[in-house]
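Both backbone and side-chain heavy atoms feed into the values below; hydrogens, waters and symmetry mates do not. Chain letters run A, B, ... following the sequence lines, proteins first, then strands; residues in each count from 1.
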Amino acid sequence: MSTPRSDLAPEPGLSREEMERLQREIADAAVFEDDFPFDPATITNPLEASANAAASDLETPEAADRSQPPIVAGVDQSFLDDDRALSAVVATRAGEVIERVHAVTPLEIPYVPGLLAFREGGPILAALEELSVSPDILLFDGSGRIHFRQAGIATHIGVVRDVPSVGVAKSLLCGEPVEDTENLPAGTRVPIEADSSVDAPDGTLLGYALQTRQYDSPDRYINPLYVSPGHRVGPETAADVVEALATSYKLPEPVRLADSYAEEAKSLVEPETDHEN
DNA sequence: GCGACAG
DNA sequence: ATCTTGTCGC
């Protein structure tokens, strides 16, 4: 049963203290383990999509929902001016784009590390409202459980909508890799554990540094992604899904698609309106 | 007081 | 995030 928590939506007008209190509520409501009906192994990009399509053929009417691969949606933002954000959502199934939507909303607050959801959550929720399909899982450009209060933007939106979600960050917000993450071979994952900066027992597994791509050559190397559970997904599955979708590039395809669509959709937006002074 | 900090 | 030049490699 689906139980959205609109009451926990990120409100930009709150004081910093109230925002942090809300994040602790989000973390309490979040589920950092697999809790969804589909088979994550059926999440793929186009190249491998045909391989597993044959396996699920003889469907009974009741299982009709699972006769098709899960819908994976990537979410990302771009900025139009200094006070408007454009949020883009690209829904994919078996690696194919089935829907793209976007929404523009005013930015209420500046970027503050740890409070990203209060800056970009509004635009994201507005864009998700525009979607006609129901994503089985959401991939965000930012952290999930790898967060001071275990409530990164992927976790926050996942809980509010009660949809499985994963955080995919390009840099590490907090936590401690259990070993060096420089110049890792492709396919490597290094656990990220809670340290004193995180509101969780030291050593709690928050996510993974995941090396999806790497150069063959000498001194230059690609940094890993920092993948963490958002909501209703465990750390292993979160990394599995991102790895399965990051076939040609460092970032998983739905996130790349959302990234470019967020840029592309700028041309569809009205120029900034002069607010009367 | 200093450092560190997703997008 | 956004800007933007320079460099590496197929």
Side-chain angles (χ1 to χ4, degrees), chain A residues 10 12 16 19-20 23 26-27 30 74-89 102 104-125 127 138-158 165-177 181 183 186 192 194-200 206-210 213-231 235 238 242 248-252 255-256 258-267 269 272:
Chain A
R16 181 172 188 136
M19 290 180 180
E20 296 186 353
Q23 290 184 325
I26 288 290
V75 183
D76 193 24
Q77 286 69 243
S78 63
F79 298 88
L80 297 164
D81 10 84
D82 261 343
D83 45 14
R84 288 188 305 170
L86 187 160
S87 184
V89 180
H102 65 95
V104 176
T105 74
L107 287 167
E108 312 279 8
I109 59 173
Y111 166 70
V112 176
L115 300 179
L116 184 64
F118 293 89
R119 174 175 166 82
E120 300 183 354
I124 291 171
L125 289 168
L138 302 173
L139 267 46
F140 289 86
D141 59 311
S143 280
R145 195 181 189 181
I146 296 178
H147 179 274
F148 308 122
R149 291 164 292 281
Q150 303 186 87
I153 193 162
T155 301
H156 204 135
I157 304 300
S165 62
V166 173
V168 183
K170 295 180 289 299
S171 58
L172 189 60
L173 175 60
C174 61
E176 184 68 23
T181 58
N183 205 0
I192 305 296
D195 56 18
S196 59
S197 73
V198 180
D199 199 338
L206 301 177
Y208 288 100
L210 175 68
R213 306 277 294 174
Q214 191 50 280
Y215 294 140
D216 304 301
S217 61
D219 34 41
R220 257 168 70 77
Y221 62 89
I222 298 172
N223 295 131
L225 291 176
Y226 298 92
V227 179
S228 57
H231 179 47
V242 171
S248 301
Y249 299 89
K250 169 177 173 172
L251 288 171
V255 173
R256 291 190 69 246
D259 192 271
S260 53
Y261 185 57
E263 196 59 39
E264 181 186 334
K266 281 182 177 180
S267 61
V269 179
E272 177 160 34

Using a 4.0 Å heavy-atom cut-off across all strands, classify [X] as base, sugar-phosphate, or nothing.
X: Ile153(A); value: base
X: Ser143(A); value: base
X: Leu225(A); value: nothing
X: Phe148(A); value: base

Tell me, do Phe148(A) and Asp199(A) make a side-chain contact under 4.5 Å, heavy atoms counted?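 Side chain of Phe148(A) against side chain of Asp199(A), heavy atoms only: no contact under 4.5 Å found.
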Ignoring the backbone of Leu173(A), work out which of dT2(C), dG7(B), dC5(B) is nearest its side chain.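 It is dC5(B).
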Any donor and acceptor pair, going by atom type alone, linking the side chain of [X] with main-chain N or O of [Y] inside 3.5 Å?
X: His147(A); Y: Gly114(A); answer: yes
X: Arg119(A); Y: Ile109(A); answer: yes
X: Arg213(A); Y: Ser248(A); answer: yes

Roughly, in whole Å, what's the span from [atom1] in [X] to [atom2] in [N]?
X: Ile109(A); N: dG7(B); atom1: CD1; atom2: P; result: 16 Å
X: Arg84(A); N: dT2(C); atom1: CZ; atom2: P; result: 14 Å
X: Leu115(A); N: dC5(B); atom1: CG; atom2: C1'; result: 11 Å
X: Arg16(A); N: dC5(B); atom1: CZ; atom2: C1'; result: 10 Å
X: Tyr221(A); N: dG9(C); atom1: OH; atom2: C1'; result: 19 Å
X: Gln214(A); N: dG9(C); atom1: CD; atom2: P; result: 13 Å
X: Tyr226(A); N: dG7(B); atom1: OH; atom2: P; result: 11 Å
X: Asp216(A); N: dC8(C); atom1: CG; atom2: P; result: 16 Å

Side chain to side chain contact (heavy atoms under 4.5 Å, CB included) for Gln77(A) and Phe140(A)? Distances and angles first, verdict last. CA-CA 10 Å; Gln77(A) 286 69 243; Phe140(A) 289 86; over 6 Å; no
Is any side-chain nitrogen or oxygen of [X] closer than 4.0 Å to OP1 or OP2 of [N]?
X: Ser78(A); N: dA1(C); result: no
X: Lys266(A); N: dT2(C); result: yes
X: Lys170(A); N: dG7(B); result: yes

Using a cut-off of 6.0 Å, state whether more than 12 heavy atoms not belonging to Asp81(A) lie near its atom CG.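 Yes - once you tally the heavy atoms of other residues, nucleotides and ligands closer than 6.0 Å, there are more than 12.
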If you draw the axis of the six-membered ring of Tyr215(A), does the NZ or CZ of Arg220(A) fall within 45° of it and under 6.0 Å from the ring centre?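 No, Arg220(A) and Tyr215(A) do not form such a contact.
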The test is side chain to side chain contact (heavy atoms under 4.5 Å, CB included); show your working for Ile153(A) and Ile124(A) and say whether it passes. CA-CA 10 Å; Ile153(A) 193 162; Ile124(A) 291 171; 3.6 Å; yes
Could you summarise the pairing of DNA chain C as dot-bracket text, marking Watson-Crick and G-U pairs under 3.5 Å with ( ) or [ ] inside the strand and | across strands? ..........
Name the residue closer to the 5' end of DNA chain C, choosing between Glu120(A) and Arg220(A) according to the nucleotide with the nearest heavy atom.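 Between the two, 5'-proximity favours Glu120(A).
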Aro-ring/base stack Tyr111(A)-dG7(B), d under 5.5 Å, angle under 30°: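 Stacked: centres under 5.5 Å apart, planes under 30°.
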